[in-house]
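So the structure is just underneath, and the comments pick up after that.
Note that the numbering runs from 1 along the sequence shown for the chain. Predicted, not measured: the structure shown is a model, and the values here were computed from it.
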Amino acid sequence: MGDYFYFGGLIIGFMWTFSSLQSTNLSSLFKKGHVWQIRSIYTILSLLGGHVVGVIFERIFLMLTGVFSL
């Protein structure tokens with residue numbers, strides 16, 4: 001069951017991080033015309049952010065199930 005919370009957090013975190021990165025001016029650090037590199041760094045950073053949010057969701061779920069199982 002914790003895997004479902006991780007995957008849900010991964011999806012939510014990925015979308016949240018990706019939209020946040022698009023609103024930044026990160027693409028100005030790259031040379032003009034390097035669209036593939038910009039998209040790949042957005043994807044990698046979004047997956048990293050999604051992983052962090054997913055782990056947080058999973059840990060909260062496991063913590064709450066441990067508390068309520070007593």
Less than 3.5 Å apart, which donor and acceptor atoms pair up between the side chains of residues 51-59 and the rest of the protein, not counting sequence neighbours?
{"residue": "His51", "atom": "ND1", "partner": "Tyr6", "partner atom": "OH", "Å": "2.8"}

Just distance, no hydrogens or angles: give the donor-acceptor pairs under 3.5 Å from side chains in residues 24-38, sequence neighbours left out.
{"residue": "Thr24", "atom": "OG1", "partner": "Leu21", "partner atom": "O", "Å": "2.6"}
{"residue": "Ser28", "atom": "OG", "partner": "Asn25", "partner atom": "O", "Å": "2.7"}

Below 3.5 Å, can you tabulate the donor-acceptor pairs from side chains in residues 10-18 to any protein atom, sequence neighbours excluded?
{"residue": "Thr17", "atom": "OG1", "partner": "Gly13", "partner atom": "O", "Å": "2.7"}

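Counting side-chain heavy-atom gaps under 4.5 Å among Ile, Leu, Val, Met, Phe, Trp and Tyr, Ile44 is found in no cluster with other residues. Listed by chain and number, the hydrophobic cluster partners of Phe61 are Met1, Tyr4, Phe5, Leu62, where partners are ILVMFWY side chains within reach of under 4.5 Å, directly or through others.
Within the structure, the side-chain hydrogen bond (donor to acceptor under 3.5 Å, both in side chains) test picks out no pair touching residues 40-50 (sequence neighbours left out).
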